[in-house]
Amino acid sequence: QVQLVESGGGLVQPGGSLRLSCAASGSMFGGYVMGWYRQAPGKQRELIGRLYYADVVKGRFTISRGNAQNTVVLQMNSLKPEDTAVYYCNAHGIIVTEDYWGQGTQVTVSS
């Protein structure tokens with residue numbers, strides 16, 4: 001029904017930047033809000049933010065619409081080692097109670 005595919009993860013040095021993208025496909029009927037989560041080793045999965053309308057600014061991170069249709073972007077600047085985690089794209093149902101998840105993309109911040 002709904003497929004989410006993340007891209008852009010990888011290895012980056014402290015202080016560097018990464019731009020993660022999530023492409024959504026399938027029947028969503030405009031009733032879903034896109035967002036990003038992350039899960040670091042040994043920690044709970046945490047919500048970074050959901051994009052309801054305006055860009056979401058969370059300190060060093062910004063969530064915005066991508067240039068391609070049906071995409072959402074997580075821009076990460078001034079990355080720190082503690083940002084190392086698997087980052088997940090999420091589609092949260094507004095009309096119906098259901099969520100869809102991407103497969104996750106690994107972000108490693110290390111020298």
Side-chain angles (χ1 to χ4, degrees):
Q1 292 179 320
V2 177
Q3 295 82 41
L4 306 175
V5 180
E6 303 98 335
S7 63
L11 176 64
V12 64
Q13 293 184 339
S17 299
L18 280 177
R19 182 180 175 91
L20 307 184
S21 295
C22 174
S25 62
S27 299
M28 299 181 69
F29 306 106
Y32 294 85
V33 173
M34 305 297 297
W36 287 93
Y37 286 72
R38 72 178 183 182
Q39 186 167 22
K43 296 184 178 180
Q44 299 293 315
R45 186 173 299 186
E46 65 173 332
L47 172 67
I48 300 172
R50 291 194 175 101
L51 185 56
Y52 287 92
Y53 179 72
D55 291 356
V56 178
V57 180
K58 298 288 187 179
R60 298 170 291 111
F61 295 179
T62 300
I63 300 173
S64 61
R65 303 290 181 188
N67 292 329
Q69 195 172 24
N70 299 324
T71 61
V72 63
V73 168
L74 175 63
Q75 178 67 46
M76 305 186 293
N77 299 322
S78 301
L79 285 163
K80 304 175 180 180
E82 51 263 43
D83 294 320
T84 296
V86 178
Y87 286 73
Y88 295 92
C89 182
N90 167 258
H92 176 69
I94 298 298
I95 305 300
V96 298
T97 305
E98 61 182 2
D99 287 85
Y100 294 92
W101 298 90
Q103 80 287 349
T105 184
Q106 177 71 47
V107 172
T108 302
V109 185
S110 176
S111 298

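Note that the numbering runs from 1 along the sequence shown for the chain.
By the 4.5 Å heavy-atom criterion applied to side chains, Thr105 and Val86 are not counted as neighbours. Considering only heavy atoms from C-beta on, Val73 stays 4.5 Å or farther from Ile63 through its side chain. In this structure the side chain of His92 never reaches within 4.5 angstrom of the side chain of Met34, judged on heavy atoms. At a threshold of 4.5 Å between non-hydrogen side-chain atoms, the residues Gln39 and Tyr87 do not count as touching. Counting heavy atoms from C-beta outward, Val109 and Val107 have side chains that approach closer than 4.5 Å. Within the 4.5 Å cutoff, side-chain heavy atoms of Ile48 are placed close to those of Phe61. Within the 4.5 Å cutoff, the side chain of Tyr88 has no heavy atoms near those of the Leu4 side chain.
Here the CG-OG distance, from Leu20 to Ser7, works out to 7.5 Å after rounding to the nearest 0.5 Å. A distance of 10.0 Å separates CZ of Arg60 from OG of Ser17, quoted to the nearest 0.5 Å. Put simply, OG1 on Thr84 and CG on Leu11 are 8.5 Å apart, with the number rounded to the nearest 0.5 Å.
Annotation for Asp55 and Ser64: closest pair OD1-CB, 3.4 Å, computed over non-hydrogen atoms. Looking at every heavy atom in both residues, Trp36 comes nearest to Cys22 through CZ2-CB, 3.7 Å. Residue Tyr52 comes nearest to Arg65 through the heavy atom pair O-NH2, 4.1 Å, listed as atom of the first residue, atom of the second, then distance. Nearest heavy atom pair, residue Leu18 against residue Gly8, reads CD2-O, 3.7 Å.
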Practice prompt. Check the pair Gln13, Ser111 against side chain to side chain donor-acceptor pair (under 3.5 Å), reporting the backbone distance first and the verdict last.
Written response: CA-CA 5 Å; Gln13 293 184 339; Ser111 298; 5.9 Å; no

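Side-chain contact of Gln75 with Thr62: a donor-acceptor pair under 3.5 Å is absent, judged by distance alone. Arg50 and Tyr37 share a donor-acceptor pair across their side chains, judged by distance under 3.5 Å alone. Side chains of Glu6 and Gln103: a donor-acceptor N/O pair is present below 3.5 angstrom, by distance only.
Here Asp83 pairs with Arg38 in a salt bridge; the nearest charged N to carboxylate O distance falls below 4.0 Å.
For Glu82, the CD atom counts as densely surrounded, since its 6.0 Å shell holds more than 12 non-hydrogen atoms of other residues, nucleotides or ligands.
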